Amino acid sequence: MVSFALHGVGVSGGIAIGRAQLVSHATLEVAHYSIPVAKVDAEIARFGNALLEVQSELEALHGTMRGGDVPAEFAAFLDVHWMILNDPMIAETPRKIIADKRCNAEWALTQQMTLLVDQFDQIGDPYLRERKADVVQVVERILKRLLGKPSAVGSSADEHHTILVAHDLSPADVIQFKQHRYAGFLTDVGGVTSHTAIVARSLNVPAVVATHNARQLIRESELLIVDGTSNIVIVNPDKAVLAEYRLKQSELGLERAKLRRLTTKPATTIDGLHIELHANIELPEDLAQALDNGAGGIGLFRSEFLYLNREGLPTEDEQFEAYRSVAAGMAGKPVTIRTFDLGADKQKEGLGGLARVAPNPALGLRAVRFCLAEPRLFLTQLRAILRASHYGNVRILIPMLASVGEIEQTLGLIEQAKETLREQGVPFDSGVTVGGMIEIPAAVLAISSFLTKLDFLSIGTNDLIQYTLAVDRSDDAVSHLYDPLHPAVLKLLAMAIAAANKAGVPIAVCGEMAGETRMTRLLLGFGLRNLSMHPAHLLSVKQRVLTTNIAEMQPIVDRIRRSDNPTKVVSLLQKLND
């Protein structure tokens, strides 16, 4: 067998070695044939039955998510697929094509899909243009039913040594993927924020996406090495390469085992400074993983997933129970609940008619803007959070603040929620602290006024980088420009941390940067003493903290802060981490 390598985007690190299992790509397998007039009605009925079967699949998948063993983002993806499945352009137009052209259902559906995809390609907004992938994935599911093929990934006799190879994996496929224990997966398409990337990181499964033609080049059962750290897939490796990667895989396993020993060890630098390491969670079920990895608190409870992971809106009591369970579970350790950050990439039907597809969602009605535009929904959540504060150390975090006016309006609504609970005789912590997220450059430049109004701050680096550089990292055409080490980004971070420290106001970083070990020493050098990240990253970051002497590395950090040369910044960061 010929050995060759494919390059892509590694979205989850580590090494997987196993045999390829190809996932069907039904749109490449559709035939075109004519239907006799007498059988047109039966063909339309066959199409209708396929739609009903896919509806049942999606309903069943929603049911499997109630146990909390699936990343919460997938409920939103499934909602989008449900809407597409029931849209007349998919549910009705192919029936008319079958009747008018007397063709088979598969062909009618693919012709309609091609038309819709072409229309999406004409859309100027990159976020909306990318939604064509959801249309294709829904069509794929219907086609697989029509063709009598499995609608999703199947089980394997030896899943631990099986690597899935697909053109793309839909959210529904990926949810079913969680029910198995595959070694890894790779896809032709995708990016760092794709569905497959999200589940790969949540499972710590090695994965490479954007390989472009892996599905066509790789054959069933071929031996593969997926190196998610080096962004490479090796097909049919020779004995020497295979032995080398098995050794690397073994070393990674030993390293993970060593990290487990750090779970209960305090995160203290060599020069004696204690660093708070907290966890980001999305649902109460995530609490177990946070505790298992030694989280000193919950630095970010993304409450919007309580809204996305369901049909309809959660009631005040439902929200209260979710918040209370986390507050009680942390047994006095801080629990920071971010008020819901809906809009942009997290849409939800039924939110007062305000959730809609905006011309530029990232700059539209989202986060605190959404909350202030819908005070009824906001007050419901605030009452639920305040009620939960009676059962633990709860803090309120407001996302995407840009002005003092927004802070004052929010504080006013919090007082209104408190007054309602007082009138009802409901207990709560009257001294609950309120913080704000620094995600917009304007917030950094106006931080002095924020520090007089808020009890603490948390920097959301994902959005801060995106807004500072004007880069949508989900857009493949510009995602390479999304650079956490851009001198402007680093100066804003250093400025915010220094201002908060001078004012004696606690500040944390809760964005993706907090979980990157290459950034840990730099952030500590900037003066940061609190980081919040995905639970899976806690121990590796703790290890970096334990091996850091902040005083000794300060000269290098200062040089990075003063530098305007991106190449020099990268070189200095490498020196900092040596």
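Keep in mind that this is a model prediction, so the values were computed, not measured. Below, all heavy atoms of this structure are taken into account, side chains as well, without hydrogens, waters or symmetry copies.
In this structure, the separation between OH on Tyr467 and CG on Asn462 is 11.0 Å, given to the nearest 0.5 Å. Expressed to the nearest 0.5 Å, how far CG of Leu377 lies from OG1 of Thr339 amounts to 12.0 Å. The distance from atom CG of Leu493 to atom OG1 of Thr461, rounded to the nearest 0.5 Å, is 7.0 Å.
At distances below 3.5 Å, at least one donor-acceptor pair connects side-chain atoms of Asp455 with backbone N or O atoms of Val434. Side chain of Thr269 to backbone of Leu273: a donor-acceptor contact under 3.5 angstrom is found. Under the 3.5 Å distance criterion, the side-chain polar atoms of Arg544 are matched with a main-chain donor or acceptor of Thr517. Of the possible polar contacts, none joining the Thr548 side chain to the Ile550 backbone as a donor-acceptor pair under 3.5 Å is found. Listed for the Lys418 side chain is no donor-acceptor partner under 3.5 Å among the backbone atoms of Arg383. Proximity of a side-chain donor or acceptor of Glu439 to a complementary backbone N or O of Pro399 within less than 3.5 Å is not detected. Looking only at distances, no side-chain donor or acceptor of Thr468 sits under 3.5 Å from a matching main-chain atom of Ile465. Panel note: side chain Arg338, backbone Arg302; no donor-acceptor pair is recorded below 3.5 Å. Without hydrogens or angle criteria, Thr263 side chain to Asn293 main chain gives no donor-acceptor distance under 3.5 Å.
Side chains of Gln416 and Glu419 form no contact here, defined as non-hydrogen atoms less than 4.5 Å apart.
With no hydrogens or angles considered, no side-chain donor-acceptor pair links Thr380 and Gln319 at under 3.5 Å. Counted by atom type alone, Gln381 and Tyr323 present one or more donor-acceptor pairs between their side chains at under 3.5 Å. For the residue pair Thr315 and Asp317, no side-chain donor N or O sits within less than 3.5 Å of a side-chain acceptor on the partner. For the residue pair Arg395/Thr336, the side-chain donor-acceptor check at 3.5 Å is satisfied.
Judged as a side-chain contact (heavy atoms from CB on, under 4.5 Å), and not counting sequence neighbours, the contacts of Cys510 are Asn280, Leu300, Met437, Ser458, Ser532. Evaluation of the side-chain contact (heavy atoms from CB on, under 4.5 Å) rule for Asp87 yields Met89 as partners, not counting sequence neighbours. Take Lys568 and apply the side chain to side chain donor-acceptor pair (under 3.5 Å) test, not counting sequence neighbours, and it matches no residue. A search for side-chain contact (heavy atoms from CB on, under 4.5 Å) contacts involving Leu291 returns Leu287, Met330, not counting sequence neighbours. In terms of the side chain to side chain donor-acceptor pair (under 3.5 Å) criterion, residue partners of Glu516 (sequence neighbours excluded) are, by chain and number, Arg518. Evaluation of the side chain to side chain donor-acceptor pair (under 3.5 Å) rule for Asp463 yields Arg366, Gln466 as partners, not counting sequence neighbours.
Taking each heavy atom of Asp429 and Ser389 in turn, the nearest pair found is N-OG, 2.9 Å. In terms of heavy-atom proximity, Pro566 sits nearest to Asp564 at CD-O, 3.4 Å.
Using a cut-off of 4.0 Å between Lys/Arg side-chain N and Asp/Glu carboxylate O, Glu276 and Arg529 are scored as not salt-bridged.
Remark: of the listed residues Leu481, Val489, Leu464, Val489 is the sole one forming a side chain to side chain contact (heavy atoms under 4.5 Å, CB included) with Leu469.
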* To do: Using the ring-ring contact (aromatic ring centres under 6.0 Å, His included) rule, take Phe378 and Phe370 through it: C-alpha gap first, then chi angles, then the decisive distance, then the call.
  => CA-CA 9 Å; Phe378 197 20; Phe370 195 117; over 10 Å; no
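Cation-pi check for Arg387 over Phe428 is not met; the charged atom does not lie both under 6.0 angstrom from the ring centroid and within 45 degrees of its normal.
Counting heavy atoms of neighbouring residues, nucleotides and ligands inside a 6.0 Å radius, atom CZ of Arg422 exceeds 12 of them.
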